[in-house]
Structures are given as C-alpha cells and as structure tokens.
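First the structure, in the form of structure tokens, and then the observations on it.
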Amino acid sequence: MHLRVYRFDPSVDREPRYESYEVPYQPRMRIMDALDYVHEVLAVDIGYRWLCGSKKCGSCAVNVNGLPKLACWEPVQERMTIEPLSNLPVIRDLVTSRAPYEAALAKISPTLVRRTEYAGFPEPLKSTDVAPTAHLRECIQCLACQSACPVLRTGDTDFAGPALLVALSELAQDPRDGAERAALASDVANVFKCISCYACEPVCPAEIPIVREAIEPLKRMAYRVGSTPGARRAHAFLDTVKQRGYANAAAVAARSGDFGLGALGVALKMRRRGKLKFSDALGGRATPGLEGLRRTYETSEKEDK
Amino acid sequence: MTKVLETDVLVIGGGAAGTNAALKAADRGAQVAIVVKGLLGKSGCSIFAAFTPYFTKTDEQARRNRWRFMIRYYNHYLADQEYCARMEDYMCEEFYPDLERLGVYWRRDAQGNLEMINARNRSLVAHKQGATGPILLEKRRREIQRRALPLYEECAVTSLLGDGERVAGATVLDYRTGEFFAIRAKNVVLATGHSDYLATRATGTREQSADGLAMALRAGAELANLEIQWWHVSDVLAPKSWMRYHLYPNPLMGTLETSRLYNSAGEMFYEQKTHSPGASAPYTEQLRRLCLQVQAGKARWDGGYTSGYDHIPGDIIRAYQHQAKVWGKLGLDVARDRIECGITMHMRHGGLNVDTRTMATTVPGLYAAGGLGCHYLGGFGPASYDGKVAGEAAAEDALRRALPRLPQQALEAEAARVFGFLQADAAGPRPMQAKLRVRQIMWDLGYIKNEKNMQAALAALQEVREQSVPRLRLQSASRVWNTGWLDALDTCSMLDACEATVRSGLNRKESRGPFYREDYPYVDNEHWLCRNIVARVDGEWRSRQQKIEVPHLPPEKNREPFFEADY
Ligand SMILES: Cc1cc2nc3c(=O)[nH]c(=O)nc-3n(C[C@H](O)[C@H](O)[C@H](O)COP(=O)(O)OP(=O)(O)OC[C@H]3O[C@@H](n4cnc5c(N)ncnc54)[C@H](O)[C@@H]3O)c2cc1C
C-alpha cells in the first residue's frame, strides 16, 4: 500500500508537505493499523491521535483521499492520501485542535436543564419517550461531520456545525429538558445556516441521520418559536412561496427584515447579474398551479400540529 | 523558571475514578484541578465498560450470589471485604441517581421498566457504540465543564513532587505545545487506571503506560498484588487495532445465551453457561481452559482458536445491532461465522496499597482511586466510588492545611529528565522501538510463569533500561506533539511498572485467579491471602505481606490444586 501523509509542524515548518510510505497489507487492516505501522515499524514520529482503537473515543478521525474517516473503523485503501480533518486548526501533522468544538459546545449549555426536580432513580421514563434521540446518543464526537460541512468550509464562524447540532438536538428532544433550546438553536448555533445538503450523513461512522433526526427537528422547533432572525427568514421564505409559488430573494429579505449592510451588498450584486428585482419585494406574479401547492402546505401544517 | 499553578486538590486521570473524585472534591468546597493524559472521558479503560451492576438491597438470595461472585470469582478473595460492603451501599444509593440526575438514560422498555441483563448479577446498560462507559463519562465531562473546573487535557503528569514529608504536587507536560509546568497541591488524587498497554496485545488505551504506578513507586509508595493480572481470552485477533473488541463470554441482554470458544480442531472448549455458571465474569476460567488447549497444541495465545455466537438463533443474536455491525464491518455474519481470537493483557487487580476508608496511600498527601488501587479488581461503579471517597477525603484534609512548600530541586531535576530526552539524531534508536521491546518482553512472559521465565524477563527489562534508554534519540527535537518524546517518557514508566510487577510475581509463591505459576500450581490461602507488597526505597527493593481479612466470606479450602479451583 502507498501512503501519502500530510506533515506539518507549525513550530518549525513554514508550510505543510507530504511524505510517502510503503506499508505492507495485512488482512482486515484498518487505516489506524497503517498509521501505526509508520509510527512503530518505520519509526516515524508522525503526529496522529487515537486512544481506544474500537470506535468508542472518536479521537482518530482523519481525511483519507478527501473524505473524513474514523481511522480505527474504516478499512485501508490501496493508495491513501491522509490529511487532518478540515475546518479545524492543525496542531501537528494529522492532529487537529478540538478547542473550537469545545468552545461552541459550551455556548449551547450542553447539560440537561431539568424542567422539574429530579425524582430519584429510576425516574419515570419509557423507551418511547427517548426514541427520537436513540441515534443521536450514538455520537462519539469524532468531528468527521464538521470536517465534511461545506458551510463551515466557507469560514462561517457563526454556524455551529453538525456535531454541535447533534448534541443540542439530543437535549432539545429530551422530554426532561426545559431550557430554551429553540432559541439556542436559532440564535447561538444558527441552525438555519444549515443548507440541508446532507454532506455530513454519509461520513458519520455512527450512521446518525444527522439532518433528518438532529437538524430538522431543531429547525422545526426554532421555526415555531419564530422570534429570532433565523426563524424570521425561514418564515419569510415559506410565506413567499406559499403566496406566489416561488421563492424570491427580495421578498424574503423584505419580510424577514434582513436589511443589514452585508445583505444589501449581496442584493446589489445579485441585481447586477439579473437574479433579483427589488420590485419583487412588494408583489410579483403568482405561478400557475398555485392552488395545488397551497393544498400541500395545508396538509403539512395540519400534520405538524 | 517553570510555571507553577496552585490548587487544593489535584486529580490525575479522566476516567470513572478521576471524574468523580474531581466532582466530589469540588462539592466539598475544595479548589480542584484535573490533568488528563488522554481526553477526559475518552481515554483510559472506563470507556470500555459495557454494563454496570445494579444492586438492590431487598433480595437476600441475590445478595448472597453477588457476594460470592464479587469475592470469590471476581477478586479471588483478595478484595477488602469491608470496602465491598461500603461500595455496595454506594451502588445502591448514589451511583445511579448521581448519573441519572445529569441525564444518563439507562435502557428501559416501552412500559418504563429498566432492562436488565439476565445474569445472576443484574446489570443495566446505557449504550453508546455498544458500551455504557462513554455515555456516563460524557455527562460527567459536561458537568465538569459547566462548573468550570480547571481541566488540562492531553497533558501528561510526569512525576509527583515531594517535600520530603508529603506529596506537594506534580509536574506536567502539555504535549500539544511542549510546555512543562508544575501544579502545587495540598493533596493529590492519582486515578490513572489499571489497564495499561504493557504487552504486545493489551486492552489499555494508547496513552496508558502505567505512569501512575511508576510515579508512585518513585515517590516511595507501596504497591501490592501487581502480579494478579487479568487477561481477556475472547478478543479479536485481526485487525490488530481491534484487539480491544471483546466477545463477551457472559450472558447477553435479554437471553441466557453466551458465546463459545472453539479450538483449532473446531471442538468447543468453553461456554460460560456450561463451564462456569456461577462466575458471571468467567475470565480466569476461560484462561485456564485455553491454557490446556495451548498445551495440547490446539490453540495459540495469539490465534488458532475462535469465538462466536453461531449456536444462538439468528433472530436473537442479530438483535445485538452493535455486535452485528462490528462483524459486518469485517464482512462476517454474527449469526453464522466465528472470529479468530487472541488473548489481551487486561486489567490489573493490584496497585497502590491504600487504606480504603480514605484511599490514602502510604505516602502522605497521595490518594489513589479506581483501578489503580489494590483493594478491588475494578469496574466503572467501584472506580466511581473510590473517586468519591478519595475526592472527599482529599478535599476535607486540604481545607485544613496550608499549601506545602514546592521542592524546587526536585522540580528542576524532573525538568532536566524530561527535556533530556529531547535530543534528535537521524540514526536513532527510536523510543518506539524500546517501547515495543518492553511490550514484547511482557507478552513473552505471558500467562504461564515460573521462577526462570520471570528472572529472564527481569534481566531483559534491565537490559532495555541500561542499554537502550540512555541512547534513545528522537527524529526531531520539536516540542509540539512529538510522539517520540512521549514514547521515551512512556518507556521509563513501563520499565518501572513492569519490573515491580515481575518482582511481585517472583515473591508470590502460589497460583491464584489469573496468576499461574507452574512451579507453584496450587492456591494457598494459608500463606498468600495477603497484599503482596513491593516498594523501592533509596533504590533498594523491599517487600512485605499484609494479611487480608475475610470476615464475610472466607474461602472454603486452605489449599487446592490450581486447575481444580473454580475461582
Ligand atoms: C476491556 C474492558 C472492559 C471492561 N468492562 C467493564 C464492564 O462491562 N463493566 C464495568 O463496570 N467495568 C468494566 N471494566 C472495568 C472498568 O472499566 C475499570 O475498572 C474502571 O473504569 C477504571 O476506571 P479508572 O478511572 O480507575 O481508570 P481509567 O478509566 O483507565 O482512567 C485512567 C485515566 O488516567 C489518565 N492517565 C494515565 N496516565 C496519566 C498521566 N501520566 N497523567 C495524566 N493522566 C493520566 C488516562 O488518560 C485516563 O484518562 C472493563 C475494563 C476493560 C479494560
């Protein structure tokens, strides 16, 4: 097997480089076994992190040929370019800092805030009460999803990212929790910045349906509360579509009260390219067949209640 | 000048024992700092705990079963029985409420009843990736963060500092940055665990190099029963990184079925249900039976035998989704195939000699909690209890005393030792090679011991200490996440701990539990129901025995052949 490993020691190197190693294949070998071979047999001091080697600690995720993988869990490939996870600062070589994740976690108050006083063990709770979070509880915080998230890749530091939303959603859907999770989701974690592209789901080693079971419930919750900028935008979007059968940026902006300088800049650029008409903010034609669409709205609103 | 921080209680370790010690010491009003070599709640063996025993006090028969299991099969009569009684009270009254209050959900059915493992000793699960430990620690981790207790992760404690009379703090290497600092403390709780990566195959997590044992030994503490070293028999052989994946030999949740072991001829040689129905954690019995297979040429310690669940109806075993996924990842079907296994060095019964009422060690100011102690084999619950006892005792004592003087000379000497390894040379030899050599020595010593192979192991360890360690050179002298630097420090700890262990084994002239000496192949309760203690004082090895009282459950026989004893 051929390994190309990202090497970067910020204390001495001006820029990253790649080193290549030949590693003999062993049956059932995992990515971690290949890295161990480089460290143990070739006696190379690559910086790489792992603790348990059995998918419990979630500390060994790296990018392999561009995709985040839990090194102890995924099999090796014939040729591997191994790099640190994206969207996190590199400490050395394959080791990234978990500090940004921890800092963001602290902001969403990640402990249970009990609605009522704890009743003593075992507290009344049924499997059905916690069924919605069954998959979320499998998260080992390996941060593979953070690495795969294109919104985080834009450098957006307001968006918490999928791993944080999984943690938040677990608490938000816990029947015992009474904290203002919807507001945290919308204002602090900025859940509406998630574009539901599903890039996080296929890379999750715990196979958590991150968008469907963590993020969408949070969006729904935040949408219902409705008072935050993110929620206002979501409302504005849905309302314009409902009214005319299509979304349009000017109307969404007008309705959600999004008149910041940044928004104006984007709007002007869009206008120049012919993608936006300011007059649309006021009205605009309805598309044919709007009735059908409205019926869909009504059914789904009913289901939501 | 080395930076010095100050605290009332310094907790070393981020597993079941360390996390609870920190929380309980803080509850008592002490200032607490926590240093963890790995990541808190993601390192050490606490994350492997699959289930936690559930005690209620009402059922007398259950209590008798539990005591027999605990004292005879789990601890081979080496447990402190008064401690066991107190620990049981804690498990009945505090352990579950403490964690459930933080939000842990132990599995229940649709009616809200707790789901239990149907063994003689009832257990509960709160699974994440097939294990309970990770969830319990995740909740404690967040609680520690919520309370903003100072936490230093990926920081290795390298030595305990003493002022001649008592422990006065510790030195720390932050290996992410290479910063070396000291923490001055009124009391230190050492909770570095008992599952160390000391043999080629081991259940210990990567960072576990028996630093706690080694540092305590260097600080003059007594260590007891180190030779009572457990091994897992049914752990995955390949890939190597999966050697910590365990095929539990005890009953699976919701059924009385257990996995089976088969030799190279396909003959079944062990099944818990059949061969040790009383034992519920039948590791020593598995090991003895495997030993007979190895001696008959029908298995090796590293393979040549298999384990599986293929005798269990498919619909039952496939319900264990986590197991099924692990097998599936290797292209195997949990209901049809078997997996080749090897033994792994598992947790150690022995450790620091402690007074179980406070977990104080023989060195003033130093407490030991969890697997690191010598009084009980371990477990997530017991380790949590130890953390509570040590944390509270250390805090109460700290609130009454002033900060001890910091021994400047010892601090500078330790800095010189640590930075002494930071020398680069293209030629090596590399620290990892010495580390692998120590693991190989302990693997070769293995399960079947005698005077001769233990003496040979001692000599081999001595050779690494004298010939390799002084010549170790790193690939780079960078201070940032320098794997080689850590490997060098680890090797020193491993050498101290392994030497103490082998010496302790040489002293014990009997066989017991997982400790088998073919030159003393009998259990001898008359002479060896004791803490078998070693210590190093001014470079000299000392040893002594401390009798173990058995007030509640004494052994039935004074002496019996090792292979006939069932514990
Ligand atoms: C494979 C396996 C399966 C098990 N299954 C079960 C089970 O099903 N149920 C059960 O109850 N128990 C089980 N146990 C036992 C139980 O997990 C342990 O007894 C208990 O968790 C030990 O906790 P601890 O806090 O003492 O040590 P650990 O959890 O090992 O923690 C040690 C900590 O010390 C840190 N450390 C080490 N060196 C240093 C240093 N130099 N400086 C700073 N920090 C350091 C480590 O990073 C780690 O955080 C199992 C153990 C193993 C190994």
Side-chain angles (χ1 to χ4, degrees), chain A residues 9-12 26-30 32-33 36 39-40 43-48 50-59 71-73 75 91-93 95 97-98 102 105-106 109-112 114 118 120-130 137-141 171 174 176-177 206, chain B residues 38-39 42-43 47-48 96-97 100-103 105-112 114-115 127-129 131 133-135 138-139 142-143 145-146 176 178 205-207 238-245 325-326 329-330 428-430 432-433 436 474-476 478-485 487:
Chain A
D9 177 350
S11 71
V12 288
Q26 302 278 330
R28 296 181 179 167
M29 204 170 189
R30 304 292 112 179
M32 201 176 100
D33 293 293
D36 280 350
H39 174 211
E40 296 181 357
V44 179
D45 63 354
I46 37 169
Y48 67 125
W50 69 264
L51 290 161
C52 76
S54 57
K55 206 191 185 191
K56 306 276 182 295
C57 73
S59 74
C72 71
W73 182 240
I91 293 179
R92 175 164 170 185
D93 301 340
V95 183
S97 168
R98 298 178 64 92
E102 294 295 343
L105 188 67
S109 120
T111 49
L112 184 68
R114 288 186 169 273
Y118 174 57
F121 187 80
E123 65 183 327
L125 208 56
K126 300 188 197 74
S127 61
T128 44
D129 297 334
V130 295
R137 275 179 273 129
E138 293 292 326
C139 172
I140 50 174
Q141 302 99 22
L171 285 158
D174 189 319
R176 299 167 294 179
D177 189 82
Chain B
L39 296 162
K42 289 174 167 289
S43 54
I47 49 178
F48 297 125
Y96 287 98
E100 194 179 60
R101 186 177 286 116
L102 298 179
Y105 165 72
W106 268 278
R107 241 161 73 175
R108 289 156 165 86
D109 61 20
Q111 281 72 49
L114 289 166
E115 288 196 322
H127 272 174
K128 186 192 276 300
Q129 298 304 329
I135 275 199
E138 175 185 289
K139 302 296 181 219
R142 291 190 186 165
E143 180 64 10
Q145 288 173 327
R146 189 185 68 79
R176 293 165 307 177
T205 45
R206 185 194 191 185
E207 87 289 5
K240 181 165 186 288
S241 50
W242 283 18
M243 63 186 168
R244 299 166 191 83
Y245 268 120
K325 268 185 196 156
V326 170
K329 199 73 186 172
L330 298 178
R430 301 281 174 245
M432 190 65 216
Q433 293 160 341
L436 290 173
L474 313 182
Q475 221 177 1
S476 102
S478 165
R479 295 185 181 196
V480 176
W481 203 289
N482 190 333
T483 324
W485 194 13
D487 287 337

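Reminder, nothing fancy here: chain letters follow the sequence lines and each chain counts from 1. Just so it is clear, the structure is predicted and the values come from calculations on it, not from any experiment.
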Leading residue by heavy atom contact count with chain B [cutoff under 4.5 Å; candidates A/D93, A/V12, A/D177, A/V95]: A/V95
Interchain contact, A/Q141 with chain B, by part (heavy-atom threshold 4.5 Å): both
When A/S97, A/P10, A/A43, A/G120 are compared by non-hydrogen pairs under 4.5 Å with chain B, the top option: A/A43
By ring-ring contact (aromatic ring centres under 6.0 Å, His included) - contacts of B/W481 (at least two apart): B/Y175
Proximal component of A/S59, with respect to chain B [non-hydrogen, under 4.5 Å]: side chain
Contacting moiety of A/I46, where chain B heavy atoms sit under 4.5 Å: backbone
Residue selection (most heavy-atom pairs with chain B, distance under 4.5 Å) from A/T111, A/V44, A/D33: A/D33
Under 4.5 Å from any heavy atom of chain B - which part of A/P27: backbone
Selection from A/L171, A/D9, A/D174 maximising heavy-atom pairs under 4.5 Å formed with chain B: A/D9
A/K126 versus B/Q111, closest heavy-atom pair with distance: CG-C, 3.9 Å
Which of B/K139, B/H127, B/E138, B/E115 touches chain A most, by non-hydrogen pairs under 4.5 Å: B/E138
Chain B contact via A/A206 - which portion, at a heavy-atom distance below 4.5 Å: both
Backbone N/O of A/H39 and side chain of B/R430: donor-acceptor pair under 3.5 Å: no
Heavy-atom proximity to chain B below 4.5 Å, by part of A/M32: side chain
B/F48: partners by ring-ring contact (aromatic ring centres under 6.0 Å, His included), with sequence neighbours left out: none
Closest non-hydrogen atom pair, B/G103 against A/R176: O-NH2, 2.9 Å
B/T483 and A/D45 side chains, donor-acceptor separation under 3.5 Å: no
Smallest separation among heavy atoms of A/I91 and B/V480, with atom names: O-CG1, 3.6 Å
Which atoms of B/P134 approach chain A - backbone, side chain, both or neither, heavy atom under 4.5 Å: side chain
Nearest non-hydrogen partners of A/R30 and B/P239, listed with the distance: CG-CG, 3.7 Å
Selection from A/L112, A/T128, A/L125 maximising heavy-atom pairs under 4.5 Å formed with chain B: A/L125
Toward chain A, the part of B/L39 with a non-hydrogen atom under 4.5 Å: both
Plane angle bin for A/W73 and B/Y245 - parallel if under 30°, tilted between 30 and 60°, otherwise perpendicular: tilted
Donor-acceptor pair, side chain of B/Q129 and main chain of A/I140, under 3.5 angstrom: no
Contact class of A/F121 relative to chain B, heavy atoms under 4.5 angstrom: both
Reported OG-to-CZ distance for the pair A/S109 and B/R142, which is rounded to 0.5 angstrom: 10.0 Å
Residue A/D36 versus chain B: region with a heavy atom under 4.5 Å: neither
Rounded distance (nearest 0.5 Å) linking atom CG of B/L114 with atom OG of A/S127: 11.5 Å
Main-chain N/O of A/C52 paired with B/K42 side-chain donor or acceptor, under 3.5 Å: no
Donor-acceptor pair, side chain of B/R244 and main chain of A/G53, under 3.5 angstrom: no
Heavy-atom contact with chain B under 4.5 Å, split by part of A/E138: both
From CG (A/D129) to OH (B/Y105), nearest 0.5 Å: 8.0 Å
Polar side-chain atom of B/K128 near backbone of A/R137 as donor-acceptor pair, under 3.5 Å: yes
Nearest-0.5 Å distance that lies between atom CE in A/M29 and atom NZ in B/K240: 10.5 Å
Part of B/I47 within contact of chain A (heavy atom distance under 4.5 Å): both
